[in-house]
Amino acid sequence: MRVVQRVFASLRYHWRYTAVFGVFTMLFLVSSLSTLIVHDIQGHALGLFEQRIDIIDRKSQILTRWSLLRQLLHVRQSIVIDTQNFYFILFGSFALLILILSVITLIQRKHEFAIYQLAGKSNADVSFQFALENLFSFLIAFFIITIVLLVVQSWYLDGLIHLNQYWFTEKLPTSLKTLLTSSSEQTWQTFNQLFQHQFTTFNGHLLLFDQGSHNALGLADYDRYLWALLWQGSGLVFAISYLSTSFYSWRTSRQALN
């Protein structure tokens, strides 16, 4: 119980560090959640595209015969891979940021931690307290940003849908961009041969450019991403904070002995 009291007292006393840590945590959470949601939208669009190709004709090699379809498949696959890689970059960058902030504050609080050790606190106790401080900062920032996003979720998700559409359009090769903006029957005539004698719920434009954007969904439908960010982020913050403090305390103890 005293550990928790010391943690909250330290958060209030070092409020500048807590505020900076909280701001970076919020940026990480919003960026990561946005990336995961766009990845979900693009993954759904890729699956929808492949399903529709299968409906048109599952036996003949449509993707082989139609270069536009091959190009589009590569575009959708590349966006799914890009969003996944971007999430890993965000996660790695956040880990590095935690380490940098931890090292800076450990240096600034060198005398404070020395007093704890003089009072009989072990390196494990000091490391555990500092890790709890960062963990509580992360949790506070997480719940604040979750509440804010729930309040503005309609604008937030609409913005992600537009971002997703813009990203998709920019990735399209010139031939597909031309087809996307064209409405003339002559432009679509050759491509629409795919739909001869076919009874489907979609047309050529939907086959190529439908994003499957989940317009009716809210943040509650992406709760698995919020929970994943909560436990992954919490574990990352606690582990890096604890290990960095343990190493710093061990190093300063060795220097004091020498």
Side-chain angles (χ1 to χ4, degrees), residues 1-37 39 83-149 222-256:
M1 193 65 178
R2 290 183 178 180
V3 174
V4 177
Q5 291 176 345
R6 289 199 303 270
V7 166
F8 281 102
S10 181
L11 290 177
R12 289 194 299 270
Y13 183 77
H14 301 286
W15 63 269
R16 290 184 180 86
Y17 170 78
T18 304
V20 170
F21 190 91
V23 168
F24 281 117
T25 297
M26 291 180 185
L27 292 175
F28 162 73
L29 291 171
V30 172
S31 301
S32 298
L33 181 61
S34 302
T35 302
L36 291 173
I37 292 177
H39 179 270
T83 51
Q84 189 173 15
N85 291 338
F86 188 58
Y87 174 72
F88 290 142
I89 291 172
L90 284 172
F91 206 78
S93 300
F94 186 58
L96 180 61
L97 179 65
I98 296 170
L99 181 60
I100 293 173
L101 289 176
S102 296
V103 170
I104 292 174
T105 194
L106 286 171
I107 295 173
Q108 293 176 341
R109 296 171 62 177
K110 178 179 179 180
H111 297 295
E112 179 184 338
F113 289 125
I115 292 173
Y116 282 139
Q117 291 175 338
L118 289 174
K121 301 297 180 182
S122 65
N123 288 345
D125 291 333
V126 175
S127 301
F128 182 69
Q129 177 181 327
F130 181 68
L132 279 183
E133 291 177 18
N134 281 347
L135 178 61
F136 275 99
S137 298
F138 177 85
L139 293 176
I140 292 170
F142 176 85
F143 286 112
I144 290 175
I145 204 63
T146 300
I147 292 172
V148 171
L149 289 178
Y222 299 106
D223 60 330
R224 64 191 182 280
Y225 295 139
L226 285 169
W227 286 113
L229 287 173
L230 177 60
W231 71 264
Q232 291 177 3
S234 298
L236 183 71
V237 168
F238 188 88
I240 292 179
S241 302
Y242 186 90
L243 293 175
S244 60
T245 311
S246 297
F247 178 77
Y248 181 80
S249 299
W250 172 81
R251 187 170 179 272
T252 53
S253 299
R254 288 289 300 272
Q255 289 177 341

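None of the values given here were measured: they were computed from a predicted structure. Count residues from 1 along the sequence.
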For [X], look at atom [atom1] and say whether over 12 heavy atoms of other residues, nucleotides or ligands are found less than 6.0 Å away.
{"X": "Phe86", "atom1": "CZ", "result": "no"}
{"X": "Phe128", "atom1": "CZ", "result": "no"}
{"X": "Phe91", "atom1": "CZ", "result": "yes"}

Task: Derivation and outcome, side-chain contact (heavy atoms from CB on, under 4.5 Å), residues Leu29 and Phe138 - done: CA-CA 10 Å; Leu29 291 171; Phe138 177 85; 4.1 Å; yes

- [ ] On the 0 to 90° scale, with breaks at 30° and 60°, tag the Phe94-Phe21 ring pair as parallel, tilted or perpendicular.
- [x]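 The arrangement is tilted - the two ring planes meet at 30° to 60°.
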
Open item on the list: Which label fits Phe238 and Tyr242: parallel for a plane angle under 30°, tilted from 30 to 60°, or perpendicular past 60°?
Closed with: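 Parallel, since the angle between the ring planes stays under 30°.
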
If you round to the nearest 0.5 Å, how far is [atom2] of [Y] from [atom1] of [X]?
{"X": "Leu149", "Y": "Leu226", "atom1": "CG", "atom2": "CG", "result": "7.5 Å"}
{"X": "Ile98", "Y": "Thr25", "atom1": "CD1", "atom2": "OG1", "result": "6.5 Å"}
{"X": "Glu133", "Y": "Thr105", "atom1": "CD", "atom2": "OG1", "result": "8.0 Å"}
{"X": "Leu33", "Y": "Leu229", "atom1": "CG", "atom2": "CG", "result": "6.0 Å"}
{"X": "Thr146", "Y": "Phe142", "atom1": "OG1", "atom2": "CZ", "result": "4.0 Å"}
{"X": "Ser102", "Y": "Asn134", "atom1": "OG", "atom2": "CG", "result": "5.0 Å"}

Restricting to non-hydrogen atoms, name the atom on [X] and the atom on [Y] that form the minimum distance, rounded to 0.1 Å.
{"X": "Gln84", "Y": "His39", "answer": "N-CD2, 3.9 Å"}
{"X": "Ser32", "Y": "Tyr87", "answer": "CB-CE1, 3.8 Å"}
{"X": "Leu139", "Y": "Ser234", "answer": "CD2-OG, 3.7 Å"}
{"X": "Thr245", "Y": "Phe130", "answer": "OG1-CD2, 2.9 Å"}

Open item on the list: Determine whether a donor-acceptor pair (N or O, by modelled atom type, separation under 3.5 Å) exists between the side chain of Ser244 and the backbone of Ser241.
Closed with: yes

TODO: Could you tell me whether the side chains of Ser127 and Ser246 share a donor-acceptor contact shorter than 3.5 Å?
DONE: yes

Task: Of Ile107, Leu101, Ile100, the residue whose pairing with Val103 passes side chain to side chain contact (heavy atoms under 4.5 Å, CB included) - done: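 In the set Ile107, Leu101, Ile100, the residue that makes a side chain to side chain contact (heavy atoms under 4.5 Å, CB included) with Val103 is Ile107.
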
